[in-house]
Amino acid sequence: MTDKEIILKIKSGEIDYYKYIVDRYYSFVYQLIKRKVFNIDDIDDLTQNVFIGFYKNINKFNQLKPVKPYLYQIVLNELKMYYRRYKKTLSLNENIKVGDDDFLEKIINQESLLEKIFLNEKEKRIIDLLLTGYRYQEIGQKLKIPLNTVKSIIRRLRLKIKRMKNEKQ
Amino acid sequence: MKNNKEKILKKVYQLETKKTVFEIVFKGLTFTTLILFIYLFFISLIEILKEQQSFDLLFFFRETFEVGKKYFFDNLLVFFEEIPKLILLILLVLIIFLIRFFINLKKNYKKTINKLKAIYKFFKKI
(Lines give C-alpha, C1' and ligand atoms only; values in the text may rest on other atoms or scores of the structure.)
Protein backbone atom coordinates (compact mmCIF):
# COMPACT_ATOMS: atom_id res chain seq x y z
CA MET A 1 0.00 0.00 0.00
CA THR A 2 1.43 3.41 -0.94
CA ASP A 3 1.61 6.42 1.35
CA LYS A 4 -0.96 8.20 -0.78
CA GLU A 5 -3.49 5.40 -0.35
CA ILE A 6 -2.86 5.24 3.39
CA ILE A 7 -3.28 8.99 3.80
CA LEU A 8 -6.50 8.92 1.80
CA LYS A 9 -7.83 6.12 3.98
CA ILE A 10 -6.97 8.05 7.14
CA LYS A 11 -8.60 11.17 5.74
CA SER A 12 -11.77 9.19 5.10
CA GLY A 13 -11.90 8.24 8.78
CA GLU A 14 -10.18 4.85 8.78
CA ILE A 15 -7.70 5.88 11.44
CA ASP A 16 -6.46 2.33 12.01
CA TYR A 17 -4.35 2.83 8.88
CA TYR A 18 -2.20 5.31 10.79
CA LYS A 19 -0.45 2.25 12.21
CA TYR A 20 1.20 1.75 8.80
CA ILE A 21 2.54 5.31 8.80
CA VAL A 22 3.96 4.82 12.29
CA ASP A 23 5.51 1.48 11.33
CA ARG A 24 7.00 2.86 8.15
CA TYR A 25 8.55 6.04 9.51
CA TYR A 26 9.17 5.31 13.15
CA SER A 27 12.84 4.38 12.82
CA PHE A 28 13.48 7.35 10.49
CA VAL A 29 12.05 9.81 13.03
CA TYR A 30 13.66 8.04 15.95
CA GLN A 31 17.14 8.04 14.42
CA LEU A 32 16.79 11.68 13.43
CA ILE A 33 15.97 12.70 17.00
CA LYS A 34 18.58 10.37 18.47
CA ARG A 35 21.30 12.29 16.66
CA LYS A 36 20.47 15.46 18.59
CA VAL A 37 18.97 14.29 21.89
CA PHE A 38 20.72 11.85 24.19
CA ASN A 39 18.13 11.12 26.82
CA ILE A 40 16.15 8.00 25.88
CA ASP A 41 12.94 9.20 27.55
CA ASP A 42 13.14 12.52 25.74
CA ILE A 43 13.72 10.74 22.42
CA ASP A 44 10.61 8.65 23.00
CA ASP A 45 8.57 11.70 23.99
CA LEU A 46 9.71 13.70 20.99
CA THR A 47 8.98 10.79 18.64
CA GLN A 48 5.48 10.59 20.08
CA ASN A 49 5.01 14.34 19.64
CA VAL A 50 6.13 14.15 16.01
CA PHE A 51 3.64 11.44 15.10
CA ILE A 52 0.81 13.04 17.04
CA GLY A 53 1.60 16.38 15.40
CA PHE A 54 1.52 14.74 12.00
CA TYR A 55 -1.80 13.09 12.77
CA LYS A 56 -3.32 16.37 13.93
CA ASN A 57 -2.43 18.00 10.62
CA ILE A 58 -3.13 15.06 8.37
CA ASN A 59 -6.27 16.65 6.94
CA LYS A 60 -4.22 19.62 5.73
CA PHE A 61 -1.51 17.35 4.32
CA ASN A 62 -1.46 16.96 0.57
CA GLN A 63 -1.31 13.23 -0.12
CA LEU A 64 0.42 13.85 -3.46
CA LYS A 65 3.48 15.11 -1.62
CA PRO A 66 5.96 12.76 0.09
CA VAL A 67 5.58 12.15 3.82
CA LYS A 68 9.27 12.09 4.75
CA PRO A 69 10.09 15.81 4.24
CA TYR A 70 6.95 16.77 6.12
CA LEU A 71 7.92 14.55 9.05
CA TYR A 72 11.46 15.89 8.87
CA GLN A 73 10.12 19.44 9.26
CA ILE A 74 7.99 18.41 12.22
CA VAL A 75 11.07 16.80 13.81
CA LEU A 76 13.04 20.03 13.34
CA ASN A 77 10.29 22.07 14.94
CA GLU A 78 10.00 19.65 17.84
CA LEU A 79 13.76 19.79 18.38
CA LYS A 80 13.68 23.58 18.33
CA MET A 81 10.94 23.57 20.95
CA TYR A 82 12.83 20.99 22.98
CA TYR A 83 15.98 23.10 23.05
CA ARG A 84 14.03 26.22 23.86
CA ARG A 85 12.41 24.42 26.78
CA TYR A 86 15.71 23.28 28.22
CA LYS A 87 17.70 26.42 27.50
CA LYS A 88 19.48 27.66 30.58
CA THR A 89 17.73 30.73 31.90
CA LEU A 90 18.40 33.14 34.70
CA SER A 91 15.59 32.74 37.15
CA LEU A 92 13.65 35.81 38.10
CA ASN A 93 12.52 35.00 41.56
CA GLU A 94 10.38 37.81 42.83
CA ASN A 95 11.23 36.98 46.42
CA ILE A 96 14.85 38.02 45.93
CA LYS A 97 15.46 41.12 47.99
CA VAL A 98 18.36 43.41 47.36
CA GLY A 99 19.68 42.71 50.82
CA ASP A 100 19.77 39.00 50.10
CA ASP A 101 21.04 39.36 46.61
CA ASP A 102 24.71 39.77 47.42
CA PHE A 103 25.82 39.85 43.85
CA LEU A 104 23.46 42.62 42.81
CA GLU A 105 24.09 44.61 46.00
CA LYS A 106 27.87 44.42 45.67
CA ILE A 107 27.82 45.37 42.04
CA ILE A 108 25.33 48.16 42.46
CA ASN A 109 27.42 49.60 45.26
CA GLN A 110 30.42 49.77 42.96
CA GLU A 111 29.50 53.16 41.60
CA SER A 112 32.47 53.20 39.26
CA LEU A 113 31.14 50.15 37.49
CA LEU A 114 27.60 51.44 37.49
CA GLU A 115 28.67 54.69 35.88
CA LYS A 116 30.23 52.84 32.99
CA ILE A 117 26.99 51.09 32.19
CA PHE A 118 24.66 53.14 30.11
CA LEU A 119 21.35 53.31 31.96
CA ASN A 120 18.20 54.95 30.75
CA GLU A 121 15.82 56.87 33.00
CA LYS A 122 13.58 53.94 33.71
CA GLU A 123 16.48 51.67 34.60
CA LYS A 124 17.96 54.32 36.89
CA ARG A 125 14.65 54.70 38.66
CA ILE A 126 14.28 50.96 39.11
CA ILE A 127 17.80 50.71 40.55
CA ASP A 128 17.05 53.53 42.98
CA LEU A 129 13.85 51.90 44.14
CA LEU A 130 15.56 48.54 44.40
CA LEU A 131 18.27 50.06 46.60
CA THR A 132 15.67 51.64 48.86
CA GLY A 133 14.29 48.18 49.49
CA TYR A 134 11.22 48.04 47.27
CA ARG A 135 10.02 44.70 45.98
CA TYR A 136 9.53 44.00 42.27
CA GLN A 137 5.75 44.22 42.54
CA GLU A 138 5.92 47.51 44.43
CA ILE A 139 8.31 48.94 41.84
CA GLY A 140 5.87 47.93 39.13
CA GLN A 141 3.00 49.61 40.92
CA LYS A 142 5.03 52.74 41.60
CA LEU A 143 6.25 53.14 38.03
CA LYS A 144 2.97 51.88 36.57
CA ILE A 145 4.62 49.12 34.58
CA PRO A 146 3.79 45.42 34.58
CA LEU A 147 5.62 43.11 36.96
CA ASN A 148 7.10 41.10 34.11
CA THR A 149 8.58 44.26 32.58
CA VAL A 150 10.25 45.06 35.91
CA LYS A 151 11.60 41.53 36.05
CA SER A 152 12.95 41.65 32.53
CA ILE A 153 14.55 45.09 33.01
CA ILE A 154 16.27 43.84 36.17
CA ARG A 155 17.35 40.71 34.39
CA ARG A 156 18.84 42.78 31.58
CA LEU A 157 20.64 44.93 34.14
CA ARG A 158 22.06 41.90 35.87
CA LEU A 159 23.34 40.59 32.57
CA LYS A 160 24.83 43.97 31.68
CA ILE A 161 26.62 44.17 35.02
CA LYS A 162 27.83 40.60 34.77
CA ARG A 163 29.19 41.24 31.29
CA MET A 164 30.94 44.41 32.48
CA LYS A 165 32.42 42.55 35.40
CA ASN A 166 33.73 39.78 33.16
CA GLU A 167 35.26 42.32 30.81
CA LYS A 168 36.96 44.03 33.73
CA GLN A 169 38.44 40.76 34.91
CA MET B 1 10.33 0.58 20.41
CA LYS B 2 7.17 -1.48 20.08
CA ASN B 3 5.94 -0.07 23.34
CA ASN B 4 6.45 3.49 22.12
CA LYS B 5 4.62 2.75 18.86
CA GLU B 6 1.68 1.46 20.89
CA LYS B 7 1.78 4.58 23.02
CA ILE B 8 1.65 6.75 19.91
CA LEU B 9 -1.34 4.85 18.56
CA LYS B 10 -3.09 4.96 21.91
CA LYS B 11 -2.62 8.73 22.09
CA VAL B 12 -3.86 9.13 18.51
CA TYR B 13 -6.98 7.11 19.33
CA GLN B 14 -7.59 9.05 22.53
CA LEU B 15 -7.26 12.30 20.62
CA GLU B 16 -9.60 11.10 17.90
CA THR B 17 -12.12 9.79 20.43
CA LYS B 18 -12.25 13.17 22.14
CA LYS B 19 -12.59 14.96 18.82
CA THR B 20 -15.31 12.63 17.52
CA VAL B 21 -17.33 12.70 20.73
CA PHE B 22 -17.14 16.49 20.82
CA GLU B 23 -18.18 16.64 17.16
CA ILE B 24 -21.17 14.35 17.72
CA VAL B 25 -22.33 16.23 20.82
CA PHE B 26 -21.86 19.58 19.08
CA LYS B 27 -23.79 18.43 16.02
CA GLY B 28 -26.55 16.98 18.16
CA LEU B 29 -26.90 20.21 20.09
CA THR B 30 -26.86 22.30 16.90
CA PHE B 31 -29.54 20.11 15.35
CA THR B 32 -31.75 20.25 18.45
CA THR B 33 -31.37 24.02 18.74
CA LEU B 34 -32.15 24.59 15.07
CA ILE B 35 -35.22 22.37 15.17
CA LEU B 36 -36.42 24.05 18.37
CA PHE B 37 -36.04 27.54 16.98
CA ILE B 38 -37.63 26.62 13.64
CA TYR B 39 -40.58 25.10 15.53
CA LEU B 40 -40.95 28.18 17.75
CA PHE B 41 -40.79 30.66 14.90
CA PHE B 42 -43.11 28.56 12.75
CA ILE B 43 -45.68 28.29 15.54
CA SER B 44 -45.53 32.03 16.25
CA LEU B 45 -45.87 32.79 12.51
CA ILE B 46 -48.95 30.57 12.25
CA GLU B 47 -50.43 32.13 15.39
CA ILE B 48 -49.95 35.65 14.05
CA LEU B 49 -51.52 34.69 10.72
CA LYS B 50 -54.44 33.05 12.52
CA GLU B 51 -54.92 36.14 14.65
CA GLN B 52 -54.89 38.38 11.59
CA GLN B 53 -57.27 35.94 9.85
CA SER B 54 -54.94 35.99 6.89
CA PHE B 55 -55.74 32.36 6.05
CA ASP B 56 -59.21 33.49 4.93
CA LEU B 57 -57.50 34.88 1.85
CA LEU B 58 -56.42 31.38 0.89
CA PHE B 59 -59.77 29.71 1.75
CA PHE B 60 -61.33 32.07 -0.73
CA PHE B 61 -60.06 29.75 -3.51
CA ARG B 62 -62.33 26.94 -2.36
CA GLU B 63 -65.49 28.74 -3.46
CA THR B 64 -65.59 28.77 -7.23
CA PHE B 65 -62.73 28.03 -9.51
CA GLU B 66 -63.44 30.94 -11.85
CA VAL B 67 -63.56 33.56 -9.10
CA GLY B 68 -60.49 32.05 -7.47
CA LYS B 69 -58.59 32.14 -10.71
CA LYS B 70 -59.55 35.76 -11.29
CA TYR B 71 -58.35 37.04 -7.91
CA PHE B 72 -55.54 34.50 -7.39
CA PHE B 73 -52.56 36.87 -7.68
CA ASP B 74 -54.28 39.74 -5.85
CA ASN B 75 -55.05 37.50 -2.90
CA LEU B 76 -51.62 35.97 -2.88
CA LEU B 77 -50.08 39.44 -2.86
CA VAL B 78 -52.25 40.57 0.03
CA PHE B 79 -51.44 37.35 1.90
CA PHE B 80 -47.69 37.91 1.56
CA GLU B 81 -48.06 41.51 2.63
CA GLU B 82 -49.77 40.38 5.81
CA ILE B 83 -47.04 37.90 6.76
CA PRO B 84 -44.69 39.31 9.45
CA LYS B 85 -41.54 39.80 7.40
CA LEU B 86 -38.95 39.59 10.18
CA ILE B 87 -40.19 36.27 11.49
CA LEU B 88 -40.38 34.89 7.98
CA LEU B 89 -36.82 36.02 7.29
CA ILE B 90 -35.49 34.44 10.49
CA LEU B 91 -37.38 31.26 9.67
CA LEU B 92 -35.89 31.15 6.18
CA VAL B 93 -32.38 31.71 7.51
CA LEU B 94 -32.84 28.94 10.05
CA ILE B 95 -34.12 26.59 7.38
CA ILE B 96 -31.11 27.41 5.20
CA PHE B 97 -28.83 26.61 8.15
CA LEU B 98 -30.66 23.35 8.68
CA ILE B 99 -30.24 22.40 5.01
CA ARG B 100 -26.53 23.26 5.15
CA PHE B 101 -26.24 21.25 8.33
CA PHE B 102 -27.78 18.22 6.64
CA ILE B 103 -25.51 18.59 3.60
CA ASN B 104 -22.45 18.68 5.88
CA LEU B 105 -23.78 15.76 7.88
CA LYS B 106 -24.24 13.73 4.71
CA LYS B 107 -20.76 14.66 3.52
CA ASN B 108 -19.09 13.61 6.77
CA TYR B 109 -21.38 10.73 7.62
CA LYS B 110 -19.15 7.99 6.19
CA LYS B 111 -16.04 9.51 7.74
CA THR B 112 -17.62 9.66 11.20
CA ILE B 113 -18.92 6.09 10.93
CA ASN B 114 -15.47 4.87 9.86
CA LYS B 115 -13.87 6.72 12.75
CA LEU B 116 -16.34 5.27 15.25
CA LYS B 117 -15.76 1.77 13.89
CA ALA B 118 -11.98 2.18 14.15
CA ILE B 119 -12.21 3.58 17.68
CA TYR B 120 -14.54 0.77 18.74
CA LYS B 121 -12.20 -1.85 17.26
CA PHE B 122 -9.17 -0.35 18.98
CA PHE B 123 -10.67 -0.06 22.44
CA LYS B 124 -12.28 -3.48 22.18
CA LYS B 125 -8.83 -4.94 21.48
CA ILE B 126 -7.47 -3.31 24.65
Side-chain angles (χ1 to χ4, degrees), chain A residues 1 3 5-35 37-61 63 67-68 70-71 74-75 77-79 81-82, chain B residues 1-36 93-126:
Chain A
M1 205 175 223
D3 284 352
E5 287 168 332
I6 294 172
I7 301 280
L8 279 173
K9 289 261 185 200
I10 297 166
K11 278 185 180 179
S12 68
E14 293 174 64
I15 48 174
D16 28 0
Y17 280 86
Y18 195 65
K19 188 178 168 288
Y20 296 109
I21 294 281
V22 177
D23 285 340
R24 205 167 280 180
Y25 294 104
Y26 185 84
S27 43
F28 164 72
V29 172
Y30 191 85
Q31 293 305 327
L32 216 61
I33 296 169
K34 206 180 167 187
R35 269 191 242 159
V37 180
F38 305 106
N39 185 344
I40 302 274
D41 291 334
D42 288 343
I43 301 172
D44 284 348
D45 284 347
L46 286 173
T47 316
Q48 282 180 27
N49 287 352
V50 169
F51 280 104
I52 289 163
F54 180 56
Y55 182 78
K56 276 182 186 169
N57 292 308
I58 210 155
N59 284 325
K60 290 179 208 159
F61 180 73
Q63 63 274 4
V67 175
K68 237 179 192 176
Y70 196 78
L71 280 175
I74 300 176
V75 170
N77 291 341
E78 281 297 328
L79 285 173
M81 280 199 277
Y82 173 78
Chain B
M1 190 170 151
K2 203 186 166 195
N3 195 21
N4 202 30
K5 277 185 188 177
E6 278 169 9
K7 271 185 192 169
I8 293 169
L9 288 176
K10 200 177 174 186
K11 278 190 180 175
V12 165
Y13 275 98
Q14 279 171 345
L15 187 92
E16 199 50 67
T17 311
K18 263 187 210 168
K19 217 170 113 183
T20 315
V21 167
F22 175 76
E23 213 178 280
I24 291 169
V25 171
F26 179 74
K27 278 181 182 168
L29 281 175
T30 315
F31 177 74
T32 319
T33 318
L34 276 174
I35 290 291
L36 191 79
V93 170
L94 286 175
I95 288 168
I96 289 167
F97 273 127
L98 192 71
I99 291 166
R100 276 207 63 176
F101 176 81
F102 273 117
I103 292 168
N104 275 340
L105 201 73
K106 208 192 157 197
K107 222 197 275 177
N108 293 323
Y109 179 73
K110 213 181 161 191
K111 194 178 168 182
T112 315
I113 291 292
N114 284 340
K115 269 186 199 174
L116 286 174
K117 271 183 195 168
I119 290 165
Y120 177 71
K121 252 194 260 172
F122 182 79
F123 285 108
K124 201 185 164 191
K125 211 164 65 181
I126 291 173

Exercise. Who passes side chain to side chain contact (heavy atoms under 4.5 Å, CB included) against B:Thr17, sequence neighbours left out?
Worked result: B:Val21, B:Ile119, B:Phe123
Exercise. With B:Ile35, which residues qualify under side chain to side chain contact (heavy atoms under 4.5 Å, CB included), at least two apart?
Worked result: B:Phe31, B:Leu98
Exercise. Do the charged groups of B:Lys7 and A:Asp44 touch, with an N to O distance under 4.0 Å?
Worked result: no
For this session: Taking only Lys NZ, Arg NE, NH1 and NH2, and the carboxylate oxygens of Asp or Glu, determine whether A:Lys9 and A:Glu5 approach each other closer than 4.0 Å.
Result: no
Side-chain contact test, heavy atoms from C-beta onward, threshold under 4.5 Å: evaluate it for [X] versus [Y] and give yes or no.
| X | Y | answer |
| --- | --- | --- |
| B:Leu9 | B:Lys5 | no |
| A:Arg24 | A:Val67 | no |
| B:Ile113 | B:Lys110 | no |
| A:Gln31 | A:Lys34 | yes |

Exercise. Is a side-chain N or O of A:Lys11 found less than 3.5 angstrom from the main chain of A:Phe61, in a donor-acceptor match?
Worked result: yes
Exercise. Listed by residue number, which members of residues 13-22 of chain A have a heavy atom under 4.5 Å from any heavy atom of chain B?
Worked result: A:Gly13, A:Glu14, A:Ile15, A:Asp16, A:Tyr18, A:Lys19, A:Val22
Exercise. Using non-hydrogen atoms and a limit below 4.5 Å, what part of residues 45-55 of chain A faces chain B?
Worked result: A:Thr47, A:Gln48, A:Phe51, A:Ile52, A:Tyr55
